[in-house]
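Handing you a structure now.
Quick note: numbers below take in every heavy atom, side chains included, and nothing from hydrogens, waters or symmetry partners. All residue numbers in this chain count up from 1 along the given sequence.
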Amino acid sequence: MARRVSYGVCKLCGQRVAKSAMTRHLDKCVVQHEATGKAVKLYRLRIDGYSQYWLDVEMKVGSKLEQLDEFLRRIWLECCGHLSAFMVGGWQGTIYYRYAEEYGEKSMAITLGKAFQVGDSFEHHYDFGSTTELKIKVLKEREGSIGRPSLRLLARNEAPSFKCTHCDQVATWIDPMDNEETAYPFYCEEHTKVLDEEDYLLPVVNSPRMGVCAYTGGPND
């Protein structure tokens, strides 16, 4: 069985590129789309959420982990203000908490450059109950300008398409309460009518947190 190719869109030039080729594409594209302002040291990050969801981000090395946390919450995760943390080596390793004062642990107030180097891999956990885990790797370092923001989105996966459980139409809703009974609880608009009134539906969105807790999507969904 042929492996499914994941595609994404470069946010700098608009080109559709395979995930496996996006790093090479961005090597050229980031230089061609420099923002005005002073050049600073930048890290390029690849952020993976359950294989089909991924982001490429360029972030100032002097920016804080809490700024990356805010970005991830805004684009992929935020539903109910849950706790979050960056982890190196799992629960037995180094952990940077969002609210470190509550745990007596390391804080996300540390800068990206002090916490990580090129080649390092780490994780981001959002919600310590129904946890969404992201894998992050520092791919490259360069001198350049992205303007005033602490980071910029370079590329994002195309939204996966899911078929309705009852037909071949594209699904727009997911039943998160039905995960124990079926591995494919998706519904098109028409077939939401087969559900009971008490069924709780969430929208199909381009995020690894789809169908979890009360998540309804980010600003670009």
Side-chain angles (χ1 to χ4, degrees), residues 6 8 19 22-23 41-141 150-151 153-157 160 174 176-181 183 185 200 202 205-218 221:
S6 177
K19 180 181 180 181
M22 186 61 80
T23 296
K41 187 179 292 185
L42 303 167
Y43 278 168
R44 191 188 309 169
L45 309 176
R46 164 62 60 83
I47 305 167
D48 278 293
Y50 309 130
S51 72
Q52 59 188 334
Y53 303 101
W54 52 276
L55 307 169
D56 282 312
V57 172
E58 200 165 47
M59 184 171 178
K60 296 175 181 176
V61 170
S63 295
K64 297 178 180 179
L65 289 183
E66 58 192 9
Q67 293 170 297
L68 178 57
D69 178 68
E70 287 291 346
F71 168 78
L72 293 173
R73 286 168 174 265
R74 184 172 64 254
I75 196 170
W76 261 0
L77 303 170
E78 189 65 89
C79 62
C80 303
H82 295 291
L83 296 177
S84 58
F86 291 99
M87 297 184 178
V88 184
W91 288 101
Q92 303 303 315
T94 303
I95 304 176
Y96 300 96
Y97 284 99
R98 181 173 176 82
Y99 303 111
E101 64 276 7
E102 297 182 14
Y103 296 89
E105 299 286 353
K106 294 181 181 295
S107 169
M108 287 187 191
I110 190 172
T111 63
L112 182 66
K114 287 183 177 180
F116 305 110
Q117 298 179 344
V118 175
D120 286 349
S121 296
F122 56 104
E123 296 180 353
H124 180 272
H125 289 207
Y126 174 81
D127 182 0
F128 299 155
S130 301
T131 308
T132 299
E133 300 178 15
L134 307 177
K135 297 184 183 301
I136 306 173
K137 184 170 184 177
V138 184
L139 297 179
K140 293 177 179 287
E141 176 186 323
S150 59
L151 58 82
L153 177 63
L154 300 177
R156 184 180 186 180
N157 68 280
I174 184 171
M177 307 305 292
D178 201 22
N179 283 328
E180 297 297 328
E181 300 177 12
Y200 174 61
L202 288 171
V205 293
N206 188 12
S207 164
R209 196 159 175 81
M210 178 182 68
V212 179
C213 194
Y215 187 72
T216 58
D221 287 309

- Item | pair Met87-Glu133: side-chain heavy atoms closer than 4.5 Å | no
- Note on the structure: In terms of heavy-atom contacts, Leu77 and Tyr126 come closest through O-CE2, 3.3 Å
- Report yes if some heavy atom in the side chain of Tyr53 is under 4.5 Å from a heavy atom in the side chain of Leu134; otherwise report no. no
- Item | From NZ (Lys41) to OG (Ser63), nearest 0.5 Å | 13.5 Å
- Interatomic distance, CG@Leu72 vs CD@Gln67, rounded to 0.5 Å, equals 12.0 Å
- For Met210 and Tyr215 the tightest heavy-atom approach is N-CD2, 4.3 Å
- Considering all heavy atoms, the nearest Leu65-Leu112 contact: CD2-CD1, 3.9 Å
- Can we call the ring centroids of Phe116 and Phe122 under 6.0 Å apart? yes
- Query: For Arg156 and Asn206, which heavy atoms make the closest approach, and how far apart are they?
  - Reply: NH2-O, 2.6 Å
- Message: With side chain to side chain contact (heavy atoms under 4.5 Å, CB included) as the criterion, how do His124 and Asp69 come out once you've worked through the C-alpha distance, each side chain's angles and the decisive distance to 0.1 Å?
- Response: CA-CA 8 Å; His124 180 272; Asp69 178 68; 2.7 Å; yes
- Side-chain donor or acceptor of Asp120 paired with backbone N/O of Val138 under 3.5 Å: no
- Query: Is there a side-chain contact between Trp91 and His125 (heavy atoms, below 4.5 Å)?
  - Reply: yes
- Task: Applying side chain to side chain contact (heavy atoms under 4.5 Å, CB included) between Leu45 and each of Ile136, Leu154, Leu139, report the one that passes.
- Result: Ile136
- Query: For Lys60, does the NZ atom have more than 12 heavy-atom neighbours from other residues, nucleotides or ligands under 6.0 Å away?
  - Reply: yes
- Message: For Glu70 and Arg98: C-alpha separation, side-chain torsions, deciding distance, then whether salt bridge (charged side-chain N to carboxylate O under 4.0 Å, His left out) applies.
- Response: CA-CA 10 Å; Glu70 287 291 346; Arg98 181 173 176 82; 2.5 Å; yes
- Note: Phe71 and Val57 closest approach over all heavy atoms is CE2-CG2, 3.7 Å
- Message: Would you say CD of Gln117 has more than 12 non-hydrogen atoms from neighbouring residues, nucleotides or ligands within 6.0 angstrom?
- Response: no
- Atom pair CZ/CG of Arg46 and Leu55 - distance to nearest 0.5 Å: 9.0 Å
- Would you kindly say whether Tyr96 and Glu66 are connected by a side-chain donor-acceptor distance under 3.5 Å? no
- Query: Should the pair Lys19-Asp48 be classified as a salt bridge under the 4.0 Å nitrogen-to-oxygen rule?
  - Reply: yes
- Are any side-chain N or O atoms of Ser207 and backbone N or O atoms of Arg209, one a donor and one an acceptor, separated by less than 3.5 Å? yes
- Under a 4.5 Å cut-off applied to non-hydrogen side-chain atoms, are Leu68 and Phe86 in contact? yes
- To the nearest 0.5 Å, what is the distance between OG1 (Thr111) and NZ (Lys64)? 9.0 Å
- Item | Side chains of Leu42 and Val61 in contact at under 4.5 Å (non-hydrogen atoms) | no
- Message: Parallel, tilted or perpendicular, judged at 30° and 60°: which one describes the rings of Phe128 and Tyr97?
- Response: perpendicular
- Minimum heavy-atom distance Arg73-Ser84, with the two atoms named: NH2-OG, 2.9 Å
